[in-house]
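Structure record follows, encoded as structure tokens.
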Amino acid sequence: MNNGGTQYEWAKTIPCRNIKIHGFCKWEKKGCSFNHDDPSKKNVSEVKSSPQTAKPVSEPMSASTTLSSESLSGSKAGLTPSKPSVTGSSPLAVQSDTADSGARKKFNIHTPSFTPTGSLVNKFADLSSKLDDIPSFSPSGNVAAPSSAGVPFDPQSAPIFTPVMPIGDPARSSAEQEPFYQQTNPFPINYHLYAGQPPPHVQHHLKPHERTVADLFIPNDLREEIQKKNEESLRTISAAQSGLPIHINQYHSLCPIDQNFETSAKSFGYTSSVYKVMSNLDGKLYTMRRLENVPISSESCFRSVNKWRSLNCANVVKLYEVMTTREFGDNSLVLIYDYYPMSRNLLEAHFFKIGDKDPELITEPLLWNYLVQLTNAVSEVHKAGLAVRVFDPTKIIVTNKARIRLSACGVYDILEAASKEGSTESLEQLQARDMQGMGILIYDLAKSLVFAKVQNLSVEEGIPKLTVSDKLKFVLKKLIENELSVQQLQQLIAPEILSVMNGVQDSADYMEACLSREVENARLVRLFAKLDFICDRPEFVKDGSWSETGERYPIKLFRDYVFHQVDENGKPVLDLTHVINCLNKLDAGSKETILLVSPDEMSCLIVSYETLKELVEKSFCQLRS
Ligand SMILES: Nc1ncnc2c1ncn2[C@@H]1O[C@H](COP(=O)(O)OP(=O)(O)OP(=O)(O)O)[C@@H](O)[C@H]1O
């Protein structure tokens with residue numbers, strides 16, 4: 001090993017890149033063969049020794065009035081960096097300081113990237129005289145031009161930077177005009193903190209007692225689904241881009257939910273659209289269903305709304321508020337419902353490919369599941385003295401795996417009250433029609449199971465052709481022929497209700513298990529935060545208790561022990577299990593002892609987690625006091 005000497009003669013004349021990049025080379029006397037003479041240091045010494053020879057340095061800074069011969073000759077007044085200045089004075093003062101203290105500084109002022117010269121042009125003047133003519137870059141006319149260089153910087157009189165955008169720019173207008181609009185993060189969010197699951201063929205075959213890091217957190221697919229829903233909730237569009245009103249009463253940040261952007265009057269006889277909105281009262285997201293040009297003549301049209309508002313059912317999207325508005329430029333009827341991010345209606349879920357999501361296959365268990373959920377919805381609605389009235393597949397949304405909800409309740413009641421004719425049917429008749437509607441909906445979905453052409457057959461001919469169990473055929477027949485009340489239906493499908501209930505309980509258990517894994521993480525995050533509150537506080541730099549003999553020193557070493565360990569090759573150890581293990585023991589105040597070693601390996605101490613816990617508590621209490 002060549003210690004201190006150079007190995008390669010040819011490298012002696014080549015400047016060492018470490019000097020250029022870091023300002024010093026830690027291998028300078030340990031075998032690095034390259035040239036370690038710092039050219040800028042040489043210039044300073046030249047400047048100091050002879051003002052006449054200082055031209056190459058002083059010329060680039062010639063604009064500076066503070067770079068006088070006094071300062072160059074070492075006048076203390078000229079060298080003190082007390083007065084902030086954008087001119088060459090401050091850098092020069094630091095230069096002289098650093099020259100005194102030697103080159104071993106991490107941020108070396110002599111490195112070319114850190115030397116603010118007066119003018120870039122002069123630096124290249126030797127290369128071509130034409131370069132002298134190139135104007136210096138200045139970001140705007142207001143910022144000090146080269147001619148003003150040398151005038152000491154005065155924050156009071158400094159021009160204020162005003163970014164100028166062309167008039168009519170949507171970004172500008174949206175920011176200025178829309179008090180509620182916020183630019184959300186670009187999509188997709190960077191999931192850099194999560195490592196994906198390895199493909200099944202590379203997965204380790206773990207012994208029963210072994211765990212992977214992924215086992216400590218909620219399963220990846222569930223986490224991703226929740227994250228996607230959060231992203232969807234955060235998605236916004238500026239009113240300037242969407243052309244929608246900025247707010248309707250307390251609801252703002254209107255963002256269209258409909259994926260196909262087509263408006264039709266198919267479902268209610270009025271063109272309708274659905275938006276995600278945020279309430280200014282509680283900050284929550286809601287769904288706004290708008291129907292255009294509805295002739296609402298009096299408050300009495302909203303008679304049924306209170307009943308709908310008080311209905312709480314797991315299979316009905318809750319209605320909160322109904323109003324009329326002219327904010328869209330017409331007489332719009334607006335209904336406010338609960339918002340379920342990433343939900344799709346039954347038609348979208350089973351018959352369309354949306355984005356990269358394929359339509360979901362319909363199976364008989366799924367049909368039973370839907371029938372049970374719809375029975376629950378209908379039963380609750382009927383108990384409230386209302387009727388569902390609409391069983392359109394576009395008005396039932398799938399909010400989670402196989403979880404459905406009626407999404408447009410209450411609309412028909414209002415529309416009918418608003419129309420001149422009004423309803424001729426009694427509530428009992430409407431409720432009986434609900435049973436029929438439910439049967440037809442399930443029958444329509446069941447038809448997709450059959451390859452033969454049942455589409456054009458009548459219901460009586462079509463039901464026998466369905467490829468489902470006889471029991472489902474029988475239930476559908478009875479429903480469509482309107483021979484079942486909701487109570488009779490409940491009795492008839494009791495075994496299926498129990499099996500759906502079983503699935504729901506399994507799902508609840510699974511979710512609870514996932515939740516319990518995350519509960520521990522919340523505790524650890526608090527511990528992380530506590531340690532970070534305590535360690536490396538700049539105001540405690542001179543505090544003796546943090547010094548190597550101080551009582552808080554073990555906390556510092558413990559933090560290094562947990563997070564900053566390196567392996568035998570000097571590579572950082574990124575072992576999450578170690579982190580969680582240590583923090584759990586700290587939290588529990590275990591009696592187990594650990595060996596803490598300082599980074600320079602000059603001091604080491606043996607301490608128990610119990611003691612560390614006391615120290616952390618004490619330090620944290622002192623911070624709070
Ligand atoms: N409460 C809700 N929460 C979240 N999304 C919803 C909600 N209600 C409806 N949606 C979604 O809004 C989209 C549009 O719904 P829908 O088809 O009912 O509206 P529409 O296009 O106005 O209907 P149509 O034109 O058939 O009258 C669907 O993707 C649906 O999943």
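Start at 1 and go down the list; that is how both ligands and their atoms are numbered. Numbering of residues begins at 1 and proceeds along the displayed sequence. Hydrogens, waters and symmetry mates play no part in the numbers below; they use all other heavy atoms, side chains included.
- Checking only distances, Y339 never comes within under 3.5 Å of ligand 1, N or O to N or O.
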Quick one: side chains of residues 497-512, donor-acceptor pairs under 3.5 Å with protein atoms, not counting sequence neighbours, listed by atom name and distance.
from	atom 1	to	atom 2	distance (Å)
S499	OG	E496	O	3.3

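- Which of R405, E348, R344 comes nearest to atom 29 (O) of ligand 1 through a heavy atom is settled by distance: it is E348.
- Looking at T375 and Q490, their side chains never bring a donor and an acceptor atom within 3.5 Å of each other.
- With a heavy-atom cut-off of 4.0 Å, A408 does not touch ligand 1 at all.
- With F328 as the aromatic partner, R290 meets the cation-pi criteria of under 6.0 angstrom to the ring centre and within 45 degrees of the ring axis.
- Of all the atoms in ligand 1, the ones that sit under 4.0 Å from a non-hydrogen atom of K395 are 16 (P), 17 (O), 18 (O), 23 (O), 24 (P), 26 (O), 27 (O).
- In terms of polar-atom proximity, D338 is counted as a contact of ligand 1, with an N or O under 3.5 Å from an N or O of the ligand.
- Using a 4.0 angstrom heavy-atom cutoff, R289 counts as in contact with ligand 1.
- Y340 and R405 form a side-chain donor-acceptor contact under 3.5 Å, judged by distance and modelled atom types alone.
- Atoms of ligand 1 found under 4.0 Å from any heavy atom of S273 (numbered from 1 in listed order, with element): 22 (O).
- Here N345 has heavy atoms under 4.0 Å from ligand 1 in both its backbone and its side chain.
- Taking Q431 as the reference, H382, A387, L427 meet the side chain to side chain contact (heavy atoms under 4.5 Å, CB included) condition, with sequence neighbours excluded.
- When each atom of ligand 1 is checked for a heavy atom of S343 under 4.0 Å away, the hits are 3 (N), 4 (C), 5 (N), 6 (C), 31 (O).
- Annotation for ligand 1: atoms under 4.0 Å from non-hydrogen atoms of V317 are 1 (N).
- S242 places a side-chain N or O within 3.5 Å of a backbone atom of L244 that can act as its donor or acceptor partner.
- Neither the backbone nor the side chain of T399 comes within contact range of ligand 1; no heavy atom lies under 4.0 Å.
- Within ligand 1, counting atoms from 1 as listed, the ones closer than 4.0 Å to a heavy atom of T287 are 1 (N), 2 (C), 3 (N), 4 (C), 7 (C).
- Side-chain polar atoms of Y286 and E321 form no donor-acceptor pair below 3.5 angstrom.
- Under a 3.5 Å cut-off, the side chain of N315 and the backbone N or O of N376 do not form any donor-acceptor pair.
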